[in-house]
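Shown next, in structure tokens, is the structure this report addresses.
Per chain, numbering begins at 1; letters A, B, ... match sequence-line order.
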Protein chains: 2
Amino acid sequence: MGVTIKDVAKAAGVSTATVSRVLNNSNLITPQTTEKVRNAMRELGYFPNNIARSFANQNTYIIALVVDIEEPTAFNNPYFYQIQYGIEKYICPKGYYLMIVNENTLNHNGTAFSKLFFEKRVDGLILPVSLLHKNLVKKMEEQKFPFVIIGEPENSYDTNWIDINNKMAGEISTTHLIENQYKRIAFVSGSRKDLFNKNRLDGYLTALAKHGFQPNPDLIKEGGFSKEDGYSIMNEFFKQNNPPDGIVFTDNLVAFGALSAIKEHGIKIPDDIGLVSFDNFPVAELSDPQITTVDIDLLDLGIQAASMLLKEIQLPSTTKQQSLLSVRLIKRGTSKRSQR
Amino acid sequence: MGVTIKDVAKAAGVSTATVSRVLNNSNLITPQTTEKVRNAMRELGYFPNNIARSFANQNTYIIALVVDIEEPTAFNNPYFYQIQYGIEKYICPKGYYLMIVNENTLNHNGTAFSKLFFEKRVDGLILPVSLLHKNLVKKMEEQKFPFVIIGEPENSYDTNWIDINNKMAGEISTTHLIENQYKRIAFVSGSRKDLFNKNRLDGYLTALAKHGFQPNPDLIKEGGFSKEDGYSIMNEFFKQNNPPDGIVFTDNLVAFGALSAIKEHGIKIPDDIGLVSFDNFPVAELSDPQITTVDIDLLDLGIQAASMLLKEIQLPSTTKQQSLLSVRLIKRGTSKRSQR
DNA sequence: ACTTTTTATGCAACCGGTTACATTAATCTA
DNA sequence: TAGATTAATGTAACCGGTTGCATAAAAAGT
């Protein structure tokens, strides 16, 4: 039905091997022959059948990004979207394509995505640390199957991984508040079962220590993802007899909710209280005042992850790559104290 | 290196054909034989090589979603992200995988994605109407290659397509303002070169006509995507000697910017002016007051598009499928007048 | 001019499944 | 129970490229 390499070979008066070599820019072929073959291809409207190509050399030129997003929260959080965009941007000019798999739509045992590996559907995987499973990792390493983890894994894993520098993020945001003369600085994060939240807290504590502040357990809270959570956490703080005058939030939406609570109490931002948040998602610019945030460059994270993976695919190595990306603070209205 | 069908055949004492039939759940095979083969597979840790499978039957079980997102705007707009999520959700349980291609990272002639089709890398395509090109469409139709367009194309195209009902969206949003006793209702949309904006305007005009309102050219504006655009457009309205008291925006962010301008003028929302926007993106809930929006169900759009495509892949038909999805209004703070 | 080396091309096996067709085993019919 | 029909399995060609090895052609060496 389609035009095959045989048709081209016949039309150009050469063998299929020669046509194949032209396709692959082998440097064995004479310019004249190349020319002949190219012409034949053009005349016949030939395109190489990619499935056959993959079959012959046992690779697909596809890599997959595995995500685990839940429906309700999916669209508030552009996390994977930005990473995805970065990956695509990097691999596409190199002739690779990106496949997206959401583990949650497969809903088996949390390793359904591993079919991609077992069935050789892709040449490599990028997956979030939350989907790491000991057995699967062992199998992939045995077969030298390339994969890169997004997020720092527990140190029992020696794999390729990449993450933003969460400790640094915790430290610079806290330091920023300290430098703006806030004195009682609180820290509100997601679950500290997650290593990245532990690291963020670590950064917060480091900053306090460096400036001679004592950490105060009352000012360290855990849990919360939503605007509503932020609202109620803030109100809990207000019930304390000595509430914080500065808060580091590790989530934009939580900060957004806290903002409402603060306004309701008639407390001035940033004069009476300073706020810093993480993840410079678009919402951070929409509040009034705009939220000071740690900007994590997820586009770059995607690019770096992809680069790491392609390196592994193209020249497999036994030493694993690891990378921590710097973050920077974007100073906005919630932390710029007029004076004091 | 890997375990192949031959190994399984030998271990089970049957032919490769039988193993293949077991793999494909052919109903020719005896339960006993099936059992034998399954056991052999299990013992050997066999997984079918998917590349070989694809090669044998010339399909990939992959479909691609082609997008065209520009970097700066990419993350404000979860448009494709939600659609993508819907597609993935639909196709995954049916054994298909999703590939994502961003035309803008390929940056050739706007049809770089067509390689996917020519090289048979995927079984079908879902692409936005903005990427439609006459010649390419002709070629794809000649070869009966399945594809679905997101967005209503100009009527010179007879293809499978799906869109939200933009006229309905324009009409219900306008009607809602009319019913809330707003009298001078403006309409602010993106470029009217795009059919969907024409349709939205059409809906607006229809609603006005149904309620005996005369359209007023001063109240119909075009252009703008950002918060800043919304801010300046709103200020232009305020310069008019008879500004609107109700506005339909076709973009969340534009409405967000307009909101700031309105507040600065000390005008009360929703008592003095009512706002409705399109696209119920997460930001709509973050403003104060929250923005009344037309909710377009992009998750469903993705699901429907995928369903359309798989239908086309599984049983090709000559009659094209078209679908307009209903929209609904989510009433929030910017349009709930206390009384009048 | 004749061997030796290098370069360009062809031959054919191979990648791992699928499936049309052939063959054998099982079941049915009279 | 032989003969016809149906069900289960096997044989081998095929999908469309790639590539090791053989060979032919060209270039270099003596």
- request: Considering non-hydrogen atoms only, spot the tightest contact between B:P153 and B:L132 and give its length.
  value: CB-CD2, 3.8 Å
message: Here's a test of your reading of the structure: between A:T16 and A:P31, which maps to the more 5' nucleotide of DNA chain C?
response: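 The 5'-side residue here is A:P31.
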Separation of [X] atom [atom1] from [N] atom [atom2], in whole Å?
X      : N      : atom1 : atom2 : result
A:N24  : C:dT9  : CG    : P     : 15 Å
B:F55  : D:dG16 : CZ    : P     : 6 Å
B:K10  : D:dG10 : NZ    : C1'   : 17 Å
B:K120 : D:dG17 : NZ    : C1'   : 13 Å
B:I51  : D:dT18 : CD1   : P     : 13 Å
A:L28  : D:dA24 : CG    : P     : 18 Å
A:L44  : D:dG16 : CG    : C1'   : 15 Å
A:E119 : C:dG16 : CD    : P     : 15 Å

- prompt: Could you state the interatomic distance from CD1 (A:I100) to CG (B:L65), rounded to the nearest 0.5 Å?
  reply: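 Going from the CD1 atom of A:I100 to the CG atom of B:L65 covers 10.0 Å.
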message: Could you measure the distance from the NZ atom of A:K10 to the OG atom of A:S15? Nearest 0.5 Å is fine.
response: 14.0 Å
Short side-chain N/O contact from [X] to OP1 or OP2 of [N], under 4.0 Å:
X     : N      : value
B:T18 : D:dG10 : yes
A:S15 : C:dG10 : yes
A:T30 : C:dT9  : yes
B:R53 : C:dG16 : no
A:Y46 : D:dG17 : yes
A:N49 : D:dC15 : no

field: cation_pi(A:K134, A:Y157) dist<6.0 Å, angle<=45
entry: yes
Considering only side-chain heavy atoms of [X], which listed nucleotide, [options], is closest?
X     : options                : value
A:N57 : D:dT18, C:dG17, C:dT9  : D:dT18
A:I5  : D:dT19, C:dC15, D:dG17 : D:dG17
B:A17 : D:dT18, C:dC11, D:dT11 : D:dT11

task: Measure the shortest side-chain to side-chain distance between A:I126 and A:V66 over non-hydrogen atoms and say whether it is less than 4.5 angstrom.
output: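 With C-beta onward as the side chain, the pair stays apart.
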task: Record whether the side chain of B:R21 comes under 3.5 Å of the base of C:dG17 through a donor-acceptor pair of N or O atoms.
output: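 Answer no: no donor N or O sits under 3.5 Å from an acceptor.
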message: Do the side chains of B:E141 and B:K320 get close enough for a salt bridge, i.e. N-O under 4.0 angstrom?
response: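 Yes.
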May I ask you to say what [X] touches in the nucleic acid, namely base, sugar-phosphate or nothing, with a heavy-atom cut-off under 4.0 Å?
X     : result
A:V14 : sugar-phosphate
A:N50 : nothing
A:S20 : base
B:I29 : sugar-phosphate
B:T33 : sugar-phosphate

- line: DNA chain D nearest-nucleotide lookup for B:G13 and A:L23: closer to the 5′ end is B:G13
